[in-house]
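Letters A, B, ... mirror the listed sequences (proteins, then strands); counts begin at 1. In what follows, every heavy atom counts, from backbone to side chain, and hydrogens, waters and symmetry copies are set aside. Because the structure is predicted, anything quoted here is derived from the model rather than measured.
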Protein chains: 2
Amino acid sequence: MTTARRSTRDAIVGAALELFRERGFDGTTMRAVADRAGVSVGNAYYYFSSKDELVQGFYDQLVAEHRALALPAMAGHTDLGERLGATLHAWITAAEPYREFAGRFFAVAAQPGNPLSPFSPDAGPARAAAVELYQEVLAGSRVDPDPELARELPELLWLQHLGIVLFWVHDRSPHAARTRLLVDRTVPIVARLVRLSRLPVLRPLGRQVVDLVRALRE
Amino acid sequence: MTTARRSTRDAIVGAALELFRERGFDGTTMRAVADRAGVSVGNAYYYFSSKDELVQGFYDQLVAEHRALALPAMAGHTDLGERLGATLHAWITAAEPYREFAGRFFAVAAQPGNPLSPFSPDAGPARAAAVELYQEVLAGSRVDPDPELARELPELLWLQHLGIVLFWVHDRSPHAARTRLLVDRTVPIVARLVRLSRLPVLRPLGRQVVDLVRALRE
DNA sequence: GTAGTGTTTTGAACACGTTCAAAGCCCCGG
DNA sequence: CCGGGGCTTTGAACGTGTTCAAAACACTAC
């Protein structure tokens, strides 16, 4: 029965998330996950082909929480910098509970070939959803960048997001204060660059950036 | 005797490097490393407290090879873009033999708290050496950036280098062609930005960047 | 020489991620 | 009811990274 299948699966991923939060990724054993889910080790492997794959559950939850926090936070603002800042701070807030062990998670995802890697084909839909959020960040702001650049901007902003995440993962300061500082300082730079992109002196630069992004997309 | 100590250590790291090249990181077992080095497993752990730590050997070798390739490659050039491109292409060339499994290596290093991480305190000297190479890239070029920016530029170029490495790790194209494309497209952008940094419109932007870097250094 | 002390080396033992042959379960056609 | 074919589930077994108490060794002081 397919509903039995679902519930076993959910029990496993639920147990995994609980244990990850309690003891971190390395401190969680597959035996413990299986125990708490009330199944055998082998059964856990029937649904998830590796311990790494259990991380997908964490990932999905984080994306959903980020979106839920980001949209209301930027609503009402029309300044690109404000909207961008709200979105990035929302991410830091959403990720806060997982801070201690998220480093291991992202290290796993950073592994080339890993399906969780944001650059892997498997992560295509997840990536598209993330880029779309930045599309919305832009759409709600009264900003008028160079039109060619505008088309690539959502993806570029998502790249900025990845960079911030990378920093956050290594940030050991309380409440991720350094990452928040990085956001507060980076956002005006990006906003200014976008604003200046119409300037004649900067047009060739913008074109170079656009060409680069397109060339890499193949 | 300290020379015996050295030679055991070298035997282990040598065996590890051989095996890494033959079978990759995951395919290499500590038992195999110990065997080939002619010592016991326990002894390998006496010198290296984990399998990850053996990667340091690979890392050191790569840095040395990069420097050896980069210096002659940029000699004679005075254009910043040319020097930067030569340095980055030299890195890709030096890293080529390790391409298949370097992904695993950098994933290990990317783990927060790992002493191999470029941002860890343990890696301070290694980082300083890397930044210094970009100091040399700048020193040999006739370029005249905004003076405040100039002081932070070596570190910023090193950050660019890290970004390229990150891309390379995920690049599956033959001969890392896509990474080379990225270098060829990124370098002119960076060179142009540096050149434009003296422009009055861009001064505030440059200041923001400089402030950011300094704030994050604490 | 011998005893004492610190360093190096050993290999069995442990805990973990992962695999796999076998068993259990469910449902359908006869 | 029976038999068979696919899902699911099991837990013992394997190979791995890592630990540790004990042994071997090197040196010094007497």
Which atom pairs, donor and acceptor, lie under 3.5 Å between side-chain atoms of residues 56-75 of chain B and protein residues at least two apart or in another chain?
unit_1, atom_1, unit_2, atom_2, d
B:Gln56, NE2, B:Asp60, OD1, 2.8
B:Gln61, NE2, B:Glu65, OE2, 3.4
B:Gln61, NE2, B:Tyr98, OH, 3.1
B:His66, NE2, B:Thr87, O, 3.0
B:Arg67, NH2, B:Glu136, OE2, 2.8

Problem - Under-4.0 Å side-chain N/O to phosphate OP1/OP2 contact, B:Thr8 with C:dT9 - result: yes
Exercise for the section: Quick one: list whatever passes ring-ring contact (aromatic ring centres under 6.0 Å, His included) with A:Tyr45, sequence neighbours left out. Expected result: none
Practice task
Round to the nearest Å and state the distance from B:Asp35 atom CG to C:dG11 atom C1'.
Solution key: 12 Å
Exercise for the section: Please work out if B:Tyr47 contacts a base, only the sugar-phosphate, or nothing of the nucleic acid, heavy-atom cut-off 4.0 Å. Expected result: sugar-phosphate
Handout entry: Protein-nucleotide distance (B:Tyr46, atom OH; D:dA24, atom P), rounded to Å
Key = 18 Å
Problem - Nearest-Å distance for atom pair CG/P, residues A:Leu54 and C:dC16 - result: 16 Å
Mind listing the side-chain donor-acceptor pairs of residues 126-135 of chain B below 3.5 Å, one per line with the distance, residues two or more places apart or on another chain?
unit_1, atom_1, unit_2, atom_2, d
B:Arg127, NH1, B:Pro118, O, 2.9
B:Tyr134, OH, B:His161, ND1, 2.5

Completion exercise
Of the listed C:dT18, C:dT9, D:dT10, the closest approach to the A:Ser40 side chain comes from D:dT10
Handout entry: Separation between CG of A:Asp35 and CE of A:Met30, rounded to the nearest 0.5 Å
Key = 12.0 Å
Exercise for the section: For B:Val39, report the nucleic acid contact type (base, sugar-phosphate, nothing); a contact means any heavy atom under 4.0 Å. Expected result: sugar-phosphate
Exercise for the section: Quick one: list whatever passes side chain to side chain donor-acceptor pair (under 3.5 Å) with A:His175, sequence neighbours left out. Expected result: none
Problem - Pairs where residues 163-174 of chain B contributes a residue and the test side chain to side chain donor-acceptor pair (under 3.5 Å) is met, not counting sequence neighbours - result: B:Asp171-B:Ser173, B:Asp171-B:Thr179
What's touching nucleotides 15-17 of chain D from the protein side, N or O pairs under 3.5 Å?
unit_1, atom_1, unit_2, atom_2, d
D:dG17, OP1, B:Thr28, O, 3.3
D:dG17, OP1, B:Lys51, NZ, 2.8
D:dG17, OP2, B:Met30, N, 2.9
D:dG17, N7, B:Arg31, NH1, 2.8
D:dG17, O6, B:Arg31, NH2, 2.8

Practice task
Look at the side-chain N and O atoms of A:Asn43 and state whether any lies under 4.0 Å from the OP1 or OP2 oxygen of D:dT10.
Solution key: yes
